[in-house]
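Input: a single structure, listed below in structure tokens.
In this text, all values refer to a predicted model and were calculated from it rather than measured experimentally. A, B, ... follow the sequence lines: proteins, then strands. Residue 1 opens every chain.
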Amino acid sequence: MTMMTGGPITFAPARPGEPILRWKSRARSIEGIEQELARIWAQPDLNRDADGDEIVDRHVAARTSVMNLVVIARRPEVGEGCAATIQLLTGRHPSRTTILLPADPDGPSWLDAQIQAHCVLPREDAAATCAETIYVTAGGEGGRHLDAIVAPLLIHDLPVTVWWPDEPAFGTPPANDLFEMADRLIVDGSHWRGTGLDQLRRLAALQERLPLAISDFALVRQSRWREAIASIFDIPDFLPYLSHLRRIAVTYAVREDGGADTTNIVKPVYHAGWLASRLGMRVTKPLSPVAGPIRRGPTRAGGAGPLATAGSGLGATLRAERHEVAVVVRPVLSEMPPGTTLRIELLADWRGSELRADITAEQEAVHARIWQDGVHALERGFNAPRRKDVDLLAEAIEGGGRDPVAVGAIRLAADLAGGALR
Amino acid sequence: MTDTAVPKRRKTKPESPAVAPESAPDKPTYPSPRQKDAPRTMRELRLSRGARKRPAKADENPLREGLRLERVPDPSTLVLFGATGDLAHRKVVPALYQLWRTNLLPHEFVLLAAGRREYDDDALRAEFRASLEKYSRVLPLDEAAWRSFASRINYFRLDFSDASGYDRLAKRLAEIDKQQNSRGNHLYYLATQPSQFAEIVTQLGRVGLDHERHEGGWQRIVIEKPFGHDLDSAIRLNREVGKVFRERQVYRIDHYLGKETVRNLLVFRFGNGIFEPIWNRRHIDHVQITVAESLGVENRGAFYEETGASRDFLQNHLLQLMSLVAMEPPATFDADALRDEKVKVIRAIGEMTPDEIRGDVVRGQYGPGWVGAAQVPGYRSEPDVDPASETETYIAARLEVDDWRWSGVPFYLRTGKRLPKRATEIAIQFKEVPHRLFRDSAVEPDPNLLAIRIQPDEGIMLRFGAKVPGLGIDVRSVNMDFTYGSAFSVDSPDAYETLILDALLGDPSLFTRADEVEGAWGIVTPMIETWANDPPPDFPNYEAGTWGPEEADKLLARDGRRWRRI
């Protein structure tokens, strides 16, 4: 049965760049959603009401979708958070967004949908750009068939991006079906339960199985570290050391009340994975617990923290062309959010000369300090504030096909964690 | 540094031979800039050898791939000559602020603002702040970003003709390098009167600020247009600059090349497979390039009296746009490959004879009229303009590129002041269909047209024929329109942001090379010289608010064409 309510929304004139809700209605079936979508664009001008009176301003609204964005949210607040982020991108990446909340899988199938259109004025004298958002809550057996709900709501010929912000159900039939219709998958590995490494291994398996472009916010978010590390080796004097790395040590934050074995370490492992993949290394010994000294960690204020009690971390071995490279992923008690990368240390040995690089980050900047044969050789700072979800999403969806750097980093990080988990 | 630390050399392209268009053997050619640049002294030979040792390419660092920036600019000091002038306030400082705000400048960046006036750091910062309130493209100002940017600004009082001032400058830069860890990397930005360029360059060389020592960092110089006022002066200036700086250290700005839509022209041509096969004389009837301004000379009457439209726009912006439209695909996207192809186009245009100039170039000067809803004075009544001025405020030219691709395809260029609207556009007019199948159509369908709008309302429009709905077969032209504003509703960087960042990164792709500048002057100088010998037309010969003199329309009409209505 189809039931429809709602229509255009009246409100104050829009300001350029500010997304405004222009349409809101409900439906209880896929057919109903399709009819509502058709109703939105049957309006000759979204800025006029049903009687044809101008309600806002003079600009004609145009649908300008560049992709289909499907969000799978297990909790309503997650879906709302994602929707708020997506709306900030309406002007830049107008998309038809379907936010799917699977509900109680027991009982009869049901579906409840809210259809919205947001418009944004690029500038005062331009036409508004509008895009639809469909919130679908589906329960019962129907709620398990994610692809069956999503497929009829896709705009033809536009790429499909699936954003799964919490714990993706890798390996389950509904998720597999959904991934098969997608061109890109966006996840955030730093939100996964436990160490997150098992999910990382499943992600790597998915990447090997499907030609899916994968963007993991946990990897994208750390680009400021990668910029800083790469900049060290832009200097010709230091470049030769890069192929003679001996040790990669990544220090991450843990809380006193959460041990290293329950802290998500996807971000620190990605650092090692990225470096190893860019330098053509392979894993000969995956990460396993190692013994080591107890360390102090930094506080938010930058002072010394309490003594570490979280164990001594994990160690792995990589093989470069002619030598082995030690990897250490080490927890340090810190007031920073658990799993946050605190420090990356690189040690290289080339023709009897040693290079040591120490990279740390603050809220707004990353610092790199280099010692060559024990002598302080370079200190650089990079203005690089932590990035927000909206920036990460924009970067993820701006990427074209598969990013070979991300593919390599995910694959190596999963190898460090024990290999792809099928 | 050891041998393994030396970056790998790229295969260099063989030098392109000087172009001698077979189809126009009677056209004299100006001396090949390439030959002029050949090393003549032992020092030049040494420098040219040194120039082959190129700095590490980004792709040689395997960690660079996939990062947001190809490279983060090195720690550096930008020395802004003419810091109290209009260009600095309107363009350079807003661009630097924006780059700083978006974290694209190095953490150790310092702006050393050099000017003649009495200022201290705080006074200058206050003036820059006031200018940013007016000219920053993102307002309101980000207070935190401004505070940290302002702390990087230092004033340095300098009389540009006072030699001792440059000794002080060298010392000051050494102090900054030490204090701010900017590692001896200096970008000298000449935003002064053109007459001061040579003196500043000479003095920088005298105090050794051109030297790129192994441990001392890089030295680059940005020179604003106009670069010379004719071929001889451009050659002289290039020679003066070349005595001090190597060509790879010199960044000659033509800000048009930094515009997003101009850069998109390269993407459009070489990033799409469907256009390049038809981008030639077999399919294209002619090309029109228009740079129209509705403004007059404003308060630049004295400057404009010495330049005119030919020097102000034709020698640089128009010929740059034309070379981007006409160039062959470069083998790579690196600076010299790109500029080699542009230079080939300039050389293939060649020098026009006085008779060709009289026939194929039209000059004009505006009289009083109406632009928009405002009555405006004629050029000769503008402030600081000679009441009997013979300076042209409009120029239209029919040029040809004598090469395999473009032989027989005219390029019509026009630029002028006080035209009805501000618009920059490239129009590619395709040939008519070979066989008129729909001759019974009520309206004759127009040939296809591709219009690339540079400003305002940046975008690309393709005109094609479509059937009018109904029982008959009527064909009408419709436009398929892409506007940047709708497809990417984000702020494009200002041209100066793009170009300053490129200079800091050491990427000269979007800057003009000595041979390009001299080649362009080689086209424009004969026009200026011919006019100097010919009595001017009856100036003023077009009314402000119109599309130029009638002769410009006749220029196309005699070929059976007309200017596109913009």
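- Between A:Arg380 and B:Pro106 the shortest heavy-atom distance is NH2-CB, 3.6 Å.
- For the pair B:Glu108 and A:Gly381, the tightest heavy-atom approach, listed with the atom from each and the gap, is OE2-N, 3.0 Å.
- Checked by atom type and distance alone, the side chain of A:Arg278 pairs as donor or acceptor with a backbone atom of B:Pro62 at under 3.5 Å.
- The CG atom of B:Asp74 sits 7.5 Å away from the CG atom of A:Asp234 when rounded to the nearest 0.5 Å.
- The environment of CD in B:Glu143 is crowded: more than 12 heavy-atom neighbours from other residues, nucleotides or ligands sit within 6.0 Å.
- Rounded to the nearest 0.5 Å, atoms CD (A:Glu227) and CZ (B:Arg64) are 5.5 Å apart.
- Of the possible donor and acceptor atoms, one in the side chain of B:Asn61 sits under 3.5 Å from a partner among the backbone N and O of A:Ala230.
- Under a cut-off of 6.0 angstrom, the local environment of CZ in A:Arg282 is sparse, with at most 12 non-hydrogen atoms contributed by other residues, nucleotides or ligands.
- Separation of atoms NE2 (B:His107) and CD (A:Glu379) is listed at 9.5 Å; rounding is to 0.5 Å.
- The CG atom of B:Leu63 sits 4.5 Å away from the CG atom of A:Leu242 when rounded to the nearest 0.5 Å.
- With sequence neighbours excluded, no residue forms a salt bridge (Lys or Arg N to Asp or Glu O under 4.0 Å) with A:Arg224.
- How far CG of B:Asn103 is from CZ of A:Phe382: 12.0 Å, rounded to the nearest 0.5 Å.
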